[in-house]
Chemist: 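Dropping the structure in here first, questions after.
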Amino acid sequence: MIKVDFNRPTTVGNEFEYMKQAIANAQISGDGAFTKRCHAFLESELGVKKALLTTSCTHALEMSAILLGIQPGDEVIIPDFTFVSTVNAFVLRGARPVFVDIHPDTLNLDETKLEAAITPRTKAIVPVHYAGVGCEMDSILEIARQHNIAVVEDNAHGLFGKYKGRYLGTFGSMATQSFHETKNFSCGEGGALLINDPALAERAEIVREKGTNRSRFFRGQVDKYTWVDIGSSYLPSDILAAFLYAQFEQRERIQSHRKNVWNMYQAALSGWAEKNGVRLAYIPEDREQAYHMFYMLLPNLDLRQKLIMYLRERGIYSVFHYLPLHLSDMGKGFGYSVGDCPVTERISDQLIRLPFHNELTSANQEQVIDAITKFQFS
Ligand SMILES: Cc1ncc(COP(=O)(O)O)c(C=O)c1O
């Protein structure tokens with residue numbers, strides 16, 4: 001029995017060579033030559049005003065909360081179906097999370113429920129482009145504009161995905177990326193803050209550099225650097241940036257491989273899914289997905305759990321996520337209870353993610369598909 005991993009860290013090009021170069025450059029702390037190359041790559045490919053590498057997407061989200069001046073008592077609107085960091089970054093600043101349910105089709109924040117969630121205390125809306133499929137950005141931005149609320153896109157899954165022809169991450173005043181080992185482009189742990197509102201750019205450098213104006217000092221704009229604001233250490237080592245840049249260089253190869261993986265699962269499983277009441281991802285016509293994951297929605301929790309166990313017995317590793325945030329200990333502490341976000345409660349029981357990584361072979365996929373299509377539903 002050949003094991004099929006859910007995820008596997010991979011090297012795709014010059015990772016080791018560039019890491020050696022970073023050491024030879026004699027700067028392996030943050031903001032060395034490779035960090036600058038990563039910034040330039042993200043800025044030019046996506047067309048964002050400024051990109052700053054961070055130690056994680058979690059930290060990019062934390063930076064966004066600081067940059068928006070989130071204070072105790074403020075409210076931040078977040079989809080209930082997301083990773084804990086989307087909410088925690090704002091709660092750390094004292095915000096109260098306002099969970100909005102998701103669309104049952106894309107599993108993205110349901111923008112039709114936004115107006116009802118807004119109060120005079122709402123400071124930010126944080127849409128998550130789930131599975132790298134864009135949220136309904138026209139409506140979200142229009143509602144945010146009418147109420148003068150900032151939008152921060154959590155684009156952890158969505159690098160190079162598009163909404164109506166425009167890259168995800170270019171819509172909000174800020175957006176956050178993840179380069180965690182499970183993502184399309186990775187350096188183990190890493191992230192980026194993308195800044196579209198130029199008014200936030202200079203302060204972002206300061207917050208990322210421990211609240212100092214060290215970036216201005218390195219550019220020769222001030223003759224010494226000092227403590228000017230709150231902040232923390234959010235910049236990654238240039239060794240990690242070197243690893244990441246090597247992956248960026250292979251953008252076309254990585255994305256076309258992932259597209260093939262996704263298309264093969266889709267082609268092989270769509271008839272089976274229809275016959276067995278299983279739903280596959282829905283990608284609206286005006287969106288290009290980022291090919292981050294392949295998920296399926298089983299009819300219920302019992303069947304989802306059985307399928308995960310059945311696959312594991314055959315050496316195939318699949319996973320589920322996310323537990324509804326409003327029903328976590330923290331969510332309940334904010335006064336939420338069962339029934340507040342019914343779509344998330346249901347989807348969370350049904351979702352399974354299939355093995356998906358940059359070295360997944362078609363033989364691996366055939367093994368997965370063969371096992372799934374032989375799964376007994378009764
Ligand atoms: C939607 C979402 N946001 C944020 C994160 C946090 O990313 P990181 O691990 O880079 O901090 C994740 C992690 O997978 C995520 O799925």
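All ligand and atom numbering here is 1-based and tracks the order in the structure. Keep in mind it's a predicted model, so treat the numbers as computed, not measured.
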Chemist: Short N/O distance, under 3.5 Å, between K183 and ligand 1?
Modeler: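 Yes: some nitrogen or oxygen of K183 is under 3.5 Å from one in ligand 1.
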Chemist: Considering the heavy atoms of T82, write down every atom of ligand 1 situated less than 4.0 Å from one of them.
Modeler: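 Checking each atom against T82, I get 1 (C).
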Chemist: Considering the options R304, Q305, K306, which one meets the side-chain hydrogen bond (donor to acceptor under 3.5 Å, both in side chains) requirement together with D302?
Modeler: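 Answer to the side-chain hydrogen bond (donor to acceptor under 3.5 Å, both in side chains) test with D302 among R304, Q305, K306: K306.
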Chemist: Closest by any non-hydrogen atom to atom 3 (N) of ligand 1: pick that one out of D154, V126, T55.
Modeler: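 Comparing heavy atoms across D154, V126, T55, the nearest one to atom 3 (N) of ligand 1 lies in D154.
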Chemist: Residue-level breakdown please: for Y322 versus ligand 1, do any non-hydrogen atoms fall below 4.0 Å on the side chain, on the backbone, on both, or on neither?
Modeler: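 Under 4.0 Å from ligand 1, Y322 contributes side-chain atoms alone.
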Chemist: Start with the C-alpha distance between N88 and S85, add both sets of side-chain angles, then the distance that settles side chain to side chain donor-acceptor pair (under 3.5 Å), and finish with yes or no.
Modeler: CA-CA 5 Å; N88 219 7; S85 297; over 6 Å; no
Chemist: Can you list the atoms of ligand 1 that are under 4.0 Å from a heavy atom of T58?
Modeler: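 Close to T58: 6 (C), 8 (P), 11 (O).
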Chemist: To the closest 0.5 Å, what do you measure between CE (M309) and OG (S318)?
Modeler: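 One gets 9.5 Å once the value is rounded to the nearest 0.5 Å.
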Chemist: Give me the atom names and distance for the closest heavy-atom approach of V152 to S64.
Modeler: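 Shortest heavy-atom separation between V152 and S64 comes out as CG1-OG, 3.8 Å.
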Chemist: Counting only heavy atoms not in M330, do more than 12 fall under 6.0 Å of its CE?
Modeler: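 No, the 6.0 Å shell around CE holds no more than 12 heavy atoms from other groups.
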Chemist: Should the ring pair F218 and Y225 be called parallel, tilted or perpendicular, given that the plane angle runs from 0 to 90° and is split at 30 and 60?
Modeler: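 Tilted, since the angle between the ring planes falls between 30° and 60°.
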Chemist: Considering only heavy atoms of V128, which atoms of ligand 1 have at least one such atom less than 4.0 Å away?
Modeler: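 In order of numbering, the contacting atoms are 1 (C).
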Chemist: Taking non-hydrogen atoms only, is T86 closer than 4.0 angstrom to ligand 1 via side chain, backbone, both or neither?
Modeler: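 Side chain only.
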Chemist: For the residue pair H59 and Y234, categorise the inter-ring angle as parallel (less than 30°), tilted (30 to 60°) or perpendicular (more than 60°).
Modeler: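 Geometry flag for Y234 against H59: perpendicular rings.
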Chemist: Below 3.5 angstrom, do we get any N/O pair linking S178 and ligand 1?
Modeler: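 Yes - when backbone and side-chain N and O of S178 are compared with those of ligand 1, one distance drops under 3.5 Å.
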Chemist: List ligand 1 atoms under 4.0 Å from G190, heavy atoms only on the residue side.
Modeler: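 Within the 4.0 Å cut-off of G190, ligand 1 contributes 10 (O).
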Chemist: Please classify the H59 to ligand 1 contact at 4.0 Å (heavy-atom distances, strictly less than): side chain, backbone, both or neither.
Modeler: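 It is neither; nothing of H59 touches ligand 1.
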Chemist: Are any of the side-chain nitrogens in K50 or E205 under 4.0 Å away from the carboxylate oxygens of its partner?
Modeler: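 So K50 pairs with E205 through a salt bridge.
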Chemist: S56 heavy atoms, cut-off 4.0 Å: which ligand 1 atoms fall inside?
Modeler: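 This gives 10 (O), 11 (O) as the contact atoms.
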Chemist: Could you tell me if the side chain of E136 sits less than 4.5 Å from the side chain of N108, heavy atoms only?
Modeler: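 The answer is no; the side chains never approach within 4.5 Å.
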Chemist: Nearest to atom 5 (C) of ligand 1, what protein heavy atom do you find, and at what distance?
Modeler: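 In this structure, atom 5 (C) of ligand 1 has F83 CD2, 3.4 Å as its nearest protein heavy atom.
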Chemist: Report the part of C57 in contact with ligand 1, treating N, CA, C, O as backbone and CB onward as side chain, heavy atoms under 4.0 Å; options are side chain, backbone, both, neither.
Modeler: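 Both the backbone and the side chain of C57 come within reach of ligand 1.
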